[in-house]
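Shown next, in structure tokens, is the structure this report addresses.
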Number of protein chains: 2
Amino acid sequence: MINSAQLTILRSYARKPNPPVDLPESILFDHSDKTLTIFDTYPKSIFHFLILPRISAYTGDGYTERDLTSLRTLLKGGQEKAGRVIRDLEEAAKVCVAQVEEEMVARYKFKWDIWVGFHPVPSMEHIHLHVISADMVSSSMKNKKHYNSFIPKGDFFLTLKDVSEWLEAQPSFFRKMAELKSSEYEPRLKAELACFHENCYELFKTMPQLKAHLQEEWDKRMAREKAKRERLEKLKRKSGSKKAASPSASGTTADNSQASTSTLTAEDLVELEGSQKKRRKTDESDVE
Amino acid sequence: MINSAQLTILRSYARKPNPPVDLPESILFDHSDKTLTIFDTYPKSIFHFLILPRISAYTGDGYTERDLTSLRTLLKGGQEKAGRVIRDLEEAAKVCVAQVEEEMVARYKFKWDIWVGFHPVPSMEHIHLHVISADMVSSSMKNKKHYNSFIPKGDFFLTLKDVSEWLEAQPSFFRKMAELKSSEYEPRLKAELACFHENCYELFKTMPQLKAHLQEEWDKRMAREKAKRERLEKLKRKSGSKKAASPSASGTTADNSQASTSTLTAEDLVELEGSQKKRRKTDESDVE
DNA sequence: TATTCCGATAGTGAC
DNA sequence: GTCACTATCGGAATGAG
């Protein structure tokens, strides 16, 4: 079988010994004994990471490289065997999500949704779990397939939550879902372009139009969050608090984006929003 | 009905009074009381002209502008009425063909086929007869529709000869052919790309490939003709003739092309080829 | 569903 | 089947000692 380096690059990362010293910082974001977390080379949102199971962590445990080729090959091994890998990826994803949220607050002073899931029909070999922020604002998000492959309501993106449920379900249901037939999933990528934002779902005929709209949605969201912070700051001043502003850290953003400036620190915000949450007993929309 | 200037530009030419003094030389090539011969703005071959019936020449004779909108509307008027216009266009086409052949010899020192015919489904309003040299070598020949719309064997291009035969045929046959249904003709423009040259008919997957091949065919044809001239010149020297070379005229070429140089004049060539034809009793391929 | 390159295909707007 | 512009769609190559 002839494969270009590009299609097997993830496997080459997954083969690295522990610690993966020869993986540059521009690729490797984090790692554990069992997983690697890497920056997606072509991020489709502001934050976009891939979690990979490390081959050496599983080959001593009854798995082959082939088992780890894709979600489909992994699920073929059965619920128990697949479940162990999926749970390891889930654990790494939780860490990654927490890191991304921390960086969201550091850079943008608010958190927003993060989608975690698999592609049923991947192009690159070696199973990879996507951790991607719910904005779809990125210069690498270029075509309909890119977009439709990440929208949870597009029926292509398989959330980790869904896959985890299959693993706990009746074997007959699991086997049905584990088929992951490309003939079933591929057509879904050709669906019309619909904005994924709640209370919008507007349709677009072209990618440039959709992208302009997504940028607008993102700009509006930032403006709303800024206004919210300013209301909170005002409230805080009234209540007599006296903390000063401080610069934020950096390191996880996978695409260039402009954070709005503010005189509130991340810590102030989290503190204030947390207290407000308790007071108002309402849902926050920043975490799925 | 809303039409852009581009779609009705031919009608605006056809409305010009006699003589059409305000039509620039870059557009008007020739005219008679009944017709205009204009350069095709986007020539699909080295030579490409359009023959138009002039509106004032027919409106006093029972025709409306609408009758002259297209071949289809003209034929709707019946065989006799359509025939008069077609014969006028034919007469102008004969003059045009002679002029083009003269210019072929002046510039390229040989003649090649000239196709004369209509498009059954035109885009521009006002009936126009195409007079186009059989080379399809032009920077304006850009897509499959352009190409397939002029190849006589492509079943789209209606030669003047064919249309003239309809006019003399049984009314039932005439009426059938006069329908010119776009649903019948349009699909023919999507046919595969086949070289139109006799003894070739090679298929091509892309326009750049076809165009490269057509350029090659043209270059080879020019080389063959040059070799032929040189053989003739040698023959002529042996027979003791002593005519000198002279430069050629210009004015009809509708696209930039490079003529091969030669020391033979057009007159020499025609004279020699004529005499050779008689001697060898073989076909020449330069004139149909 | 890796990207990139090339080219075909499709829709639009033109005054 | 007018053109020119934009964007989509569709295939093929992609590495490399």
Side-chain angles (χ1 to χ4, degrees), chain A residues 2-12 40-44 48 50 70-72 117-128 130 140 142-151 154 156-158 180-190 192-193 204-211, chain B residues 1-12 40-44 50 70-72 117-126 128 130 140 142-150 154-158 180-193 204-211:
Chain A
I2 298 166
N3 278 320
S4 75
Q6 223 172 141
L7 297 176
T8 54
I9 187 81
L10 299 183
R11 182 179 290 137
S12 75
D40 191 301
T41 310
Y42 301 93
K44 306 307 187 294
H48 189 178
L50 303 180
S70 65
L71 180 63
R72 193 180 55 79
F118 300 95
H119 282 163
V121 187
S123 283
M124 285 188 291
E125 297 201 9
H126 200 70
I127 186 170
H128 46 287
H130 291 270
S140 294
K142 293 179 175 176
N143 58 48
K144 186 179 273 193
K145 282 183 182 177
H146 287 158
Y147 183 74
N148 283 333
S149 73
F150 287 106
I151 304 310
F156 185 85
F157 191 75
L158 303 175
L180 298 178
K181 288 183 187 171
S182 59
S183 61
E184 180 76 23
Y185 284 96
E186 276 190 30
R188 304 180 186 186
L189 293 172
K190 295 178 179 176
E192 54 191 354
L193 296 172
F204 296 88
K205 285 183 179 171
T206 71
M207 282 299 291
Q209 286 166 356
L210 172 64
K211 283 173 69 71
Chain B
M1 203 157 136
I2 297 165
N3 278 317
S4 74
Q6 221 173 145
L7 297 176
T8 54
I9 186 81
L10 299 184
R11 181 179 290 140
S12 75
D40 191 303
T41 311
Y42 301 94
K44 305 307 187 293
L50 304 180
S70 65
L71 180 63
R72 194 180 54 79
F118 299 95
H119 281 164
V121 188
S123 281
M124 284 188 292
E125 298 201 9
H126 201 70
H128 46 287
H130 291 270
S140 294
K142 293 180 175 176
N143 59 46
K144 185 180 273 193
K145 283 182 181 176
H146 288 158
Y147 183 74
N148 284 333
S149 73
F150 286 106
D155 299 325
F156 185 85
F157 191 75
L158 303 175
L180 298 178
K181 287 182 188 171
S182 59
S183 59
E184 179 76 22
Y185 284 96
E186 274 188 35
R188 304 180 185 186
L189 293 172
K190 295 179 180 177
E192 55 192 353
L193 296 172
F204 296 89
K205 285 182 181 171
T206 71
M207 281 300 291
Q209 286 166 355
L210 171 65
K211 282 173 69 71

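Lettering of chains follows the sequences in order, A, B, ..., and the numbering in each one begins at 1.
- With the 3.5 Å cutoff on both pairing distances, Watson-Crick and G-U pairs in DNA chain C assemble into runs of at least 3 at C:2-14 with D:2-14.
- Annotation: dG17(D) and dT3(C) have their P atoms spaced 24 Å apart (nearest Å).
- Between K44(A) and Y147(A), the closest side-chain pair of non-hydrogen atoms is not below 4.5 Å.
- For D155(B), the side chain to side chain contact (heavy atoms under 4.5 Å, CB included) partners two or more places apart in sequence, or in a different chain, are R188(B).
- Using a 4.0 Å heavy-atom cutoff across all strands shown, H128(A) reaches sugar-phosphate atoms only and no base atom.
- The distance from atom CG of N148(B) to atom P of dA8(C) is 12 Å, rounded to the nearest whole Å.
- Closest approach of I151(A) to F157(A), counting heavy atoms only: O-CB, 4.0 Å.
- Remark: K145(B) is not in phosphate contact with dA10(C), judged by side-chain N or O atoms under 4.0 Å from OP1 or OP2.
- Applying the side-chain hydrogen bond (donor to acceptor under 3.5 Å, both in side chains) criterion to Q209(A), with sequence neighbours excluded, gives T206(A).
- N143(B) comes within contact range of the sugar-phosphate backbone alone, with a heavy-atom separation under 4.0 Å but no base atom that close.
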Would F150(A) and H48(A) satisfy ring pair (Phe, Tyr, Trp, His ring centres under 6.0 Å), going step by step from the backbone distance to the final call? CA-CA 11 Å; F150(A) 287 106; H48(A) 189 178; 5.1 Å; yes

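- When the side chain to side chain contact (heavy atoms under 4.5 Å, CB included) test is applied to T41(B), no partner is found at least two apart in sequence or on another chain.
- H128(A) is linked by a ring-ring contact (aromatic ring centres under 6.0 Å, His included) to H130(A), counting only residues two or more places apart in sequence or in another chain.
- Scanning all heavy atoms of the two residues, the minimum distance from L189(B) to K145(B) falls at CD2-O, 3.9 Å.
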Nucleic acid footprint by protein, nucleotides 4-14 of chain D - heavy-atom cut-off 4.0 Å, B for base, S for sugar-phosphate alone: S--SSS----B

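- Across the protein-nucleic acid pair, I9(B) atom CD1 and dC15(C) atom P stand 12 Å apart, rounded to whole Å.
- Between the P atoms of dC6(C) and dG15(D), the separation comes to 14 Å (whole Å).
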